[in-house]
Amino acid sequence: MPSEFDLIRRHFTRPARHTELAVGDDAALLAPRPGMRLAVSTDMLVAGTHFFADTNPEGLGWKTLAVNVSDLAAMGAEPRWAFLALALPQADEAWIAAFARGFFACADAFAIDLAGGDTTRGPLTLSVTIVGEVPAGAAITRGGARAGDDLWISGQPGRAALGLAALRGETGLDAIHHAEFVNALQRPQPRVALGLALRSLASAMLDVSDGLLGDLRHLLECSGTGAIVEVGALPLAALAASGADPALCRRCLLAGGDDYELLFAAAPRHRAEIDALSARLDLPLHRIGEFTPARERLLLREADGGLATPAACGYDHFA
């Protein structure tokens, strides 16, 4: 049976790109670039809560890091260092090797150093602390939206939630959409390039992890605004093309989690620049509503023009 330190040496020790001292000592030594501020975030994934225990470990390795990378993308920060803590029921080397392949595939995609961490025996739990850099004064927070700003969402929200519904047997999808939506759930793509490009355009931003409407409420609370979401502007067509029930598609788009798309506010004067950015990144950016002066009041405008308060908003760990 390999020891904890054997596992770390075999699977999690690699040359560092931009770290003075990384895995193997009591602490890492990091050297931020001049003029930069550190952006730090931590996320935890627990078997049975965030993923099925039999989830493919390589995809799980990717997702464990990717969901943290997404937090930095949402602030316009560049990811640089990650710290990984694993609680493992047993030292299954084949599982750990596959997990490490996925984790480092994501790390390589975004030039991230694994700078340290910990392992222990326990219920399968995966935790990452990620550290990035953003120029002083350039971070995009949740608190900058103003009444009159446009509301934008990147990519195709709802795919991950539909993929989860398919895995649970709650809906049937054709083979192509089943593979696409399950992949969206298990291998999310952090929008780092978009986050960096929005530093001069977005007034507030976050990533959608617990549902579009639920996370939008966080923007409203921090910014002291309300919002109207235009149902007719939502990117529902691609979800409906899967053959899933239209009501389920709408619910997954508005209240499903695990998308890790960026939801952001921007002044109307930036519309042309955002459209150009969408084309340059080959990434759909949808203008789906506007911010209003009605503090923390969230409304949906239906196709007939009627306004309604949404019933379901998103995931809550303790609800």
Side-chain angles (χ1 to χ4, degrees), residues 16-23 25 27-43 65-84 106-117 127-154 189-209 215-216 218-225 260-274 276-278 280-281 283 285 291:
R17 299 172 181 84
H18 34 247
T19 309
E20 289 186 6
L21 183 62
V23 176
D25 217 301
L29 297 178
L30 312 180
R33 290 170 290 183
M36 293 290 186
R37 298 293 182 265
L38 295 180
V40 185
S41 181
T42 298
D43 264 311
L65 182 55
V67 301
N68 287 268
V69 174
S70 181
D71 283 333
L72 296 193
M75 298 197 74
E78 180 183 355
R80 300 275 281 174
W81 303 277
F83 297 83
L84 172 64
C106 187
D108 290 342
F110 297 100
I112 298 168
D113 284 348
L114 179 62
S127 180
V128 169
T129 295
I130 195 161
V131 183
E133 294 178 331
V134 61
I140 308 168
T141 70
R142 299 179 178 186
R146 297 292 178 263
D149 281 355
D150 292 329
L151 173 64
W152 296 80
I153 184 70
S154 68
Q189 301 299 311
R191 304 303 188 186
V192 173
L194 175 61
L196 298 180
L198 286 172
R199 284 175 181 166
S200 60
L201 300 174
S203 51
M205 186 158 64
L206 49 60
D207 67 330
V208 177
S209 57
D215 286 324
L216 174 55
H218 298 314
L219 282 185
L220 304 187
E221 179 182 2
C222 291
S223 294
T225 65
Y260 302 100
E261 296 292 353
L262 297 185
L263 185 69
F264 61 95
R269 67 179 182 276
H270 292 313
R271 288 177 185 174
E273 293 170 273
I274 293 172
L277 176 61
S278 175
R280 178 165 64 83
L281 296 180
L283 174 65
L285 300 176
F291 290 83

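All values derive from a computational prediction rather than experimental measurement.
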(request) Output the distance between atom CG (Asp150) and atom CG (Leu285), rounded to the nearest 0.5 Å. (result) 12.0 Å
(message) I'd like to know if the side chain of Ser223 reaches the main chain of Arg142, judged simply by a donor and an acceptor atom lying under 3.5 Å from each other, with no hydrogens or angles considered.
(response) yes
(request) Identify the heavy atoms of Ile130 and Pro79 that sit nearest to each other, and give their distance. (result) CD1-CB, 4.1 Å
(request) For residues Pro32 and Leu38, report the shortest heavy-atom separation together with the two atoms involved. (result) CG-CD2, 3.7 Å
(message) Can you tell me how far apart CG (Leu84) and OG (Ser127) are? Round to the nearest 0.5 Å.
(response) 8.0 Å
(request) Give a yes or no on whether Arg33 atom CZ has more than 12 heavy-atom contacts from other residues, nucleotides or ligands under 6.0 Å away. (result) yes
(message) Give me the atom names and distance for the closest heavy-atom approach of Ser154 to Leu194.
(response) CB-CD2, 3.6 Å
(request) To the nearest 0.5 angstrom, please state how far the CD1 atom of Ile274 sits from the CG atom of Leu198. (result) 6.5 Å
(message) Are Pro135 and Met36 packed together at the side-chain level, in the sense that at least one heavy-atom pair is separated by less than 4.5 angstrom?
(response) yes
(message) Determine whether a donor-acceptor pair (N or O, by modelled atom type, separation under 3.5 Å) exists between the side chain of Arg199 and the backbone of Ala138.
(response) no
(request) Search all heavy atoms of Ala197 against all heavy atoms of Arg280 and return the closest pair with its distance. (result) CB-NH2, 3.9 Å
(request) Measure across Val128 and Ala82 and return the closest heavy-atom pair with its distance rounded to 0.1 Å. (result) CG1-CB, 4.3 Å
(request) Look at the side chain of Asn68 and the backbone N and O of Asp43, then say whether any donor-acceptor pair between them is shorter than 3.5 Å. (result) yes
(request) Mind listing the closest non-hydrogen atom pair of Asp149 and Ala267 along with its distance? (result) OD1-CA, 3.6 Å
(message) Can a donor-acceptor pair be found, under 3.5 Å and without considering hydrogens, that links the side chain of Ser278 to the backbone of Leu283?
(response) yes
(message) Do Leu72 and Val134 make a side-chain contact, defined as non-hydrogen atoms from C-beta onward lying under 4.5 Å apart?
(response) no
(request) Indicate yes or no: at least one non-hydrogen side-chain atom of Val40 is less than 4.5 angstrom from one of Trp81. (result) no
(message) Can you confirm whether Val131 sits close enough to Phe83 that some side-chain heavy atom of one is under 4.5 Å from a side-chain heavy atom of the other?
(response) yes
(request) Find out whether Leu262 and Trp152 are in side-chain contact, i.e. whether some heavy atom of one side chain is under 4.5 Å from a heavy atom of the other. (result) no
(request) Rounded to the nearest 0.5 Å, what's the gap from CE on Met75 to CG on Leu206? Could you check? (result) 10.5 Å
(request) Nearest 0.5 Å please: distance from the CZ atom of Phe264 over to the CG atom of Leu219. (result) 11.5 Å
(request) Taking Asp71 for its side chain and Asp207 for its backbone only, find out whether a donor-acceptor pair lies under 3.5 Å. (result) no
(message) Would you compute the distance between atom CZ of Arg146 and atom OG1 of Thr225 and round it to the nearest 0.5 angstrom?
(response) 8.5 Å
